[in-house]
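The residues of the chain are indexed from 1 along the displayed sequence.
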Amino acid sequence: MARAKVSGAARKAVPRFVVRAALMNAQRWGRVTAGFAGGRALGQVWRGADDQVCSICGAVAGGAAAASSIADMPASVFTFVAFSYALDKLTGSGTAGISEARATAAKTRAPKTPSLTPGQRLDKLLGVQPA
């Protein structure tokens, strides 16, 4: 796009199509991030713990959100799951990467008292008694 005939403040302005492309890219990455977080949270609710399955659930949701069309979805989901699996294996999970003494201490530590869920805290704050 030739801008030779543009002068003054208009010459320094960012073209509209650049801003539009930047916003579309930001929205796409926002969907991917929300997919990862939501998928992992769904996996945690489903499994009751944060483990590798939850990570894979997040990768599936993130890959589905990253696909630009339905036809691209299988390849995108496969790619996200493969990278997530590889990263989980490289970083290790559970007590694999810590010393034996710390692992034993973590196992013998007294269980935490149950804490309130965010919904229960809101009920307490508002003074509402759930039925």
inquiry  = According to a hydrophobic-cluster definition based on side-chain heavy atoms being under 4.5 Å apart (Ile, Leu, Val, Met, Phe, Trp, Tyr only), do Leu23 and Val18 belong together?
reply    = yes
request  = Please report the C-alpha distance between Cys57 and Val60 in whole Å, then the side-chain angles of each, then the deciding distance to 0.1 Å, and finally whether the side chain to side chain contact (heavy atoms under 4.5 Å, CB included) criterion is met.
outcome  = CA-CA 5 Å; Cys57 288; Val60 168; 5.8 Å; no
message = Can you confirm whether Leu90 is buried at CG, in the sense that more than 12 heavy atoms of other residues, nucleotides or ligands lie under 6.0 Å from that atom?
response = yes
query = Is Ile56 reachable from Met73 through a run of I, L, V, M, F, W or Y residues, each pair having side-chain heavy atoms under 4.5 Å apart?
reply = yes
Identify all side-chain donor-acceptor contacts of residues 75-87 below 3.5 Å with residues at least two apart in sequence or on another chain.
unit_1: Ser76; atom_1: OG; unit_2: Gly63; atom_2: O; d: 2.7
unit_1: Thr79; atom_1: OG1; unit_2: Ala75; atom_2: O; d: 2.8
unit_1: Ser84; atom_1: OG; unit_2: Ser55; atom_2: OG; d: 2.9

message = So, using salt bridge (charged side-chain N to carboxylate O under 4.0 Å, His left out) as the criterion, who are the partners of Asp50 when residues are at least two apart?
response = Arg40
note = side-chain hydrogen bond (donor to acceptor under 3.5 Å, both in side chains) pairs touching residues 21-31, sequence neighbours excluded, are Asn25-Trp29
